[in-house]
Amino acid sequence: MCGISGFVNLGRTEYAAQAVLRQMNRRLSHRGPDAEGYFAHEHVHLAHRRLAVIDIAASSQPMTTADGRHTIVFNGEIYNYRSLREELRALGRQFATNGDTEVLLQAIAQWGEGALERIEGMFAFASFDKTEQTLLVARDHLGVKPLHFVTNATTFAFASELKALLEHPAVSNDLNLDALGLYLECQYIPAPLTIYRDISKLEAGHALRLNVRTGAIARWQFWSVNYQHKISVGQTEAINLLDTELRRSVESMLLADVPLGAFVSGGVDSSLVAALMTDLTGKPIETFNLGFLDQSGRPDTTQSEHDEAAKVASHLRSHHHALMVKPSDVTDTFADWVNVFDEPFGDQAALPTMLLSKLTRQHVTVALTGEGADELFSGYANYQKRASEEKIAAIFGASWSPLPRLLALLPAAARKDRLVKAIMQPKAKRYATVPNVFDRALQPTLFSNSLLVAQKSHIADYAAKFYDECNAEDYIEKIMYVDMRLWLADDLLTKVDRSTMAYSLEARVPFLDHRFVEFVARLDPALKQHGKTTKFILKKLAARYLPEEIVYRNKQGFVMPLSAWLQSSLKPHVDAALGANGGGRSGSRGLAKRGLFREGALAKIQAEHATGRSNHAGRIWALAVLEQWFQRYAPEFSL
């Protein structure tokens, strides 16, 4: 795992290119503490930070083919690199190293863009072809690894993280108010947007090709999931096939020349991954978990899953490491938040994930995680509820129905009801994404006129794009795909990548091997959501490896006991961040002075939460994070 950055000086402007490149690269030192490397050819500049995981002694980057034609900087792991190397050797390709970087480089040299159809893994890379004068840039199928880029009249630049791009003098730090509004709606910023107007995220499963001579860019999607070709097998055979496919994925991710472990939450997904790791290696593995303490220092039994994780570890006989987090750990770590997440990011699970990553890195360099299973196997109870509601919305929200127009006359508070919203929206927009911070119906009563005018889109617009893109016939599979492209890629995987790489820890995600995703897409939807049972077939498989009390216990999210902490140790911090009691905008402090909200809106939110009238914990957290980001990156910002 690594950090990559680089740029092409399209305008042939004069500046200290090597000094700029080094500064960009060194902002990514946490992603690759083991080595740094640089490449320059005329106006093309590439840089790399290395976290050595495979072929530690060799495989330095940037890496160039023996003939000098192709050069690559690469972040990630290619899990099928050994079989690809043999295929390439049979075609006459020679190898000087034993790592996956050279395999990827030679694959691109052999097949060009066709290499994207052959590689399996998580990756973001930029490959320069000196003969053709092109730069090929790509991001993996599910978006496990990040890639940001800027293109304008003078410069094409890219980097693993925003902080590196902002070091380039041609990159503007002007804010994107549309992205800001989307953050307030759903706690993250969906690709291709970033908080900066001129910087984009390359979307999952996409690539672009830059003509270095002309600056012309071609961009395309090289992979998507096909749900059409279902396999017809009985339940037992389906479980056996799932076992084979998941074991293959986990085994491919055990390739490393450094110690490995697993995050174990106590839930079925991560526990099954850990169980398969144990079975495949034939020895106890290292497992890691985080729990929460209450104000008095006792374990918080309502939020913490440390007991369940300990049961899994005991069953697997793993070497288990548990970290119990107290409220002061959160306040102590909060200042690091904005250094890790370069744009506003309100998923409260990110902060404990950072603490867990710090603990884990003390013992191993690579950790396997359970992300992705919910979006593949219908793991959220929300999905079945939405499917039931869709039967009603399909009738009352039909084109001939007068009800949508009548519902638009209801007060905003009534229009935020989930079924009411579904009836009022076209089918493709009825399901947006998992989190809903400031509902669109309420925004006119909360947001300032300036922010409302600046908003160009809402999260439902992004959801509709993916809903229409998905070729599944089953409604639950379609909305799972929406979450896979939005919530999973831009929230969950962002959380894991930034939190782990902040401590130079590589995270691998077996459920998101794209061949495994393709297999799951071919399964009968009834094997995923079986009546009211979520993750039906995955639980059947997990029961072969784990105790039933672990497999069939109720799902619990990895979140802090935020409501309680906001009324105690976090309250002074949040009060200062929101500045909602400053007495009018001219005397306001913190977020209240930014001109994003109507006067009194923030104070009302805090008062309703403090009195118990409404639970605004998630909203207050997202607002506090936003103000922390403003203080670090745009302290003078105000609409």
Side-chain angles (χ1 to χ4, degrees), residues 1-2 4 50-56 58-59 61 63 72 74-89 95 97-108 110-111 114-125 127 138-147 204-205 207 222-223 225 242-263 270 272-274 276-277 279-281 285 364-373 376 489 493 496-497 500-501 505-520:
M1 200 63 62
C2 309
I4 62 174
R50 187 182 185 202
L51 175 64
V53 173
I54 294 175
D55 194 27
I56 295 174
S59 294
Q61 296 186 49
M63 184 179 287
I72 196 169
F74 158 55
N75 168 31
E77 305 290 349
I78 305 302
Y79 297 127
N80 65 332
Y81 79 95
R82 289 178 173 174
S83 61
L84 278 177
R85 184 170 57 199
E86 294 310 307
E87 184 178 358
L88 288 162
R89 276 178 171 159
F95 290 85
T97 71
N98 295 314
D100 58 343
T101 300
E102 189 177 13
V103 171
L104 177 58
L105 175 64
Q106 295 281 23
I108 294 169
Q110 180 70 36
W111 297 305
L116 294 169
E117 300 174 6
R118 298 171 180 264
I119 56 179
E120 300 172 16
M122 55 180 184
F123 56 83
F125 69 78
S127 178
R139 186 181 180 196
D140 65 69
H141 310 76
L142 278 304
V144 181
K145 292 291 99 188
L147 200 290
F222 66 82
W223 180 84
V225 189
L242 177 60
D243 194 359
T244 299
E245 289 295 323
L246 188 55
R247 287 176 70 89
R248 177 198 59 77
S249 178
V250 172
E251 186 172 22
S252 74
M253 297 188 192
L254 297 179
L255 291 173
D257 297 325
V258 293
L260 296 94
F263 288 169
S270 60
L272 178 55
V273 169
L276 289 172
M277 288 178 68
D279 195 53
L280 287 163
T281 60
I285 65 170
V364 300
T365 308
V366 175
L368 273 64
T369 82
E371 264 76 21
L376 294 181
L493 293 177
V496 171
D497 176 81
T500 55
M501 292 309 297
L505 176 71
E506 176 176 310
R508 297 180 178 178
V509 195
F511 287 111
L512 297 182
D513 170 281
H514 82 278
R515 300 298 183 202
F516 180 75
V517 173
E518 291 172 341
F519 163 75
V520 175

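No hydrogens, no waters, no symmetry mates; every other heavy atom, side chains included, goes into these values.
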For this session: Working to the nearest 0.5 Å, report the span between OG of Ser83 and CD of Glu120.
Result: 7.0 Å

Problem set entry | Distance (rounded to the nearest 0.5 Å) between Thr97 OG1 and Arg85 CZ | 7.5 Å

Exercise. Salt bridge or not for Glu86 and Arg89, using N-O below 4.0 Å?
Worked result: yes

Exercise. So, do Leu246 and Phe516 sit near enough that their side-chain heavy atoms are less than 4.5 Å apart?
Worked result: yes

Problem set entry | Non-neighbouring partners of Glu102 that pass salt bridge (Lys or Arg N to Asp or Glu O under 4.0 Å), sequence neighbours left out | none

Exercise. For the atom pair CG (Leu276) and CG (Asp243), what is the distance rounded to the nearest 0.5 Å?
Worked result: 6.5 Å

For this session: Find out whether Val366 and Glu77 are in side-chain contact, i.e. whether some heavy atom of one side chain is under 4.5 Å from a heavy atom of the other.
Result: no

Exercise. Minimum heavy-atom separation for Pro510 to Val273, with atom names?
Worked result: CG-CG1, 4.0 Å

Seminar exercise, completed: One should read off an interatomic distance between Trp111 CH2 and Leu84 CG, to the nearest 0.5 angstrom, of 5.5 Å

Problem set entry | Sub-4.5 Å side-chain heavy-atom contact between Ile108 and Phe125 | yes

For this session: For salt bridge (Lys or Arg N to Asp or Glu O under 4.0 Å), just list the numbers for Arg248 and Glu251, CA-CA rounded to whole Å, side-chain angles, deciding distance to a tenth of an Å, and then say yes or no.
Result: CA-CA 5 Å; Arg248 177 198 59 77; Glu251 186 172 22; over 6 Å; no

For this session: Flag the pair Phe263 / Glu371 as yes when at least one side-chain heavy-atom distance between them is below 4.5 Å, and no otherwise.
Result: no

Problem set entry | Verdict with reasoning, Met122 to Met253, per side-chain contact (heavy atoms from CB on, under 4.5 Å) | CA-CA 10 Å; Met122 55 180 184; Met253 297 188 192; over 6 Å; no

For this session: Could you pull out the closest heavy-atom pair between Leu88 and Ala107, with the gap in Å?
Result: CD1-N, 3.8 Å

Exercise. Do you know the tightest heavy-atom contact between Asn75 and Pro146?
Worked result: ND2-CD, 4.2 Å

Seminar exercise, completed: Sorted by chain and number, sequence neighbours left out, salt bridge (Lys or Arg N to Asp or Glu O under 4.0 Å) with Arg118 holds for Glu87

Exercise. Below 4.5 Å, heavy atoms only, C-beta onward: do Leu255 and Arg82 meet side chain to side chain?
Worked result: yes

Seminar exercise, completed: Closest heavy-atom pair, Arg247 versus Leu280, reported as atoms and distance to 0.1 Å, is NH2-CD2, 3.5 Å

Problem set entry | Heavy-atom pair of closest approach, residues Leu505 and Thr365 | CD1-O, 3.4 Å

Exercise. So do Phe511 and Val520 actually touch side chain to side chain, heavy atoms under 4.5 Å?
Worked result: no

For this session: Taking the side chain as every heavy atom from C-beta outward, state whether Asp140 and Trp223 have any pair of such atoms under 4.5 Å apart.
Result: no

Seminar exercise, completed: Minimal heavy-atom distance between Ile78 and Asp100, with the atoms involved, is N-OD2, 2.9 Å

Exercise. To the nearest 0.5 Å, how far apart are CD in Glu245 and CD in Glu518?
Worked result: 10.0 Å

Exercise. What do the steps show when you test Lys145 against Arg139 for side-chain contact (heavy atoms from CB on, under 4.5 Å), and what is the final call?
Worked result: CA-CA 7 Å; Lys145 292 291 99 188; Arg139 186 181 180 196; 5.5 Å; no

Exercise. Would you call the rings of His141 and Phe222 parallel, tilted or perpendicular if under 30° counts as parallel and over 60° as perpendicular?
Worked result: perpendicular

Exercise. Is there a donor in the side chain of Gln61 and an acceptor in the side chain of Thr101, or the other way round, less than 3.5 Å apart?
Worked result: yes

Exercise. Is any side-chain heavy atom of Val144 less than 4.5 Å from a side-chain heavy atom of Leu493?
Worked result: yes

Seminar exercise, completed: Distance col, row His514:NE2 vs Leu142:CG, nearest 0.5 angstrom, shows 9.0 Å

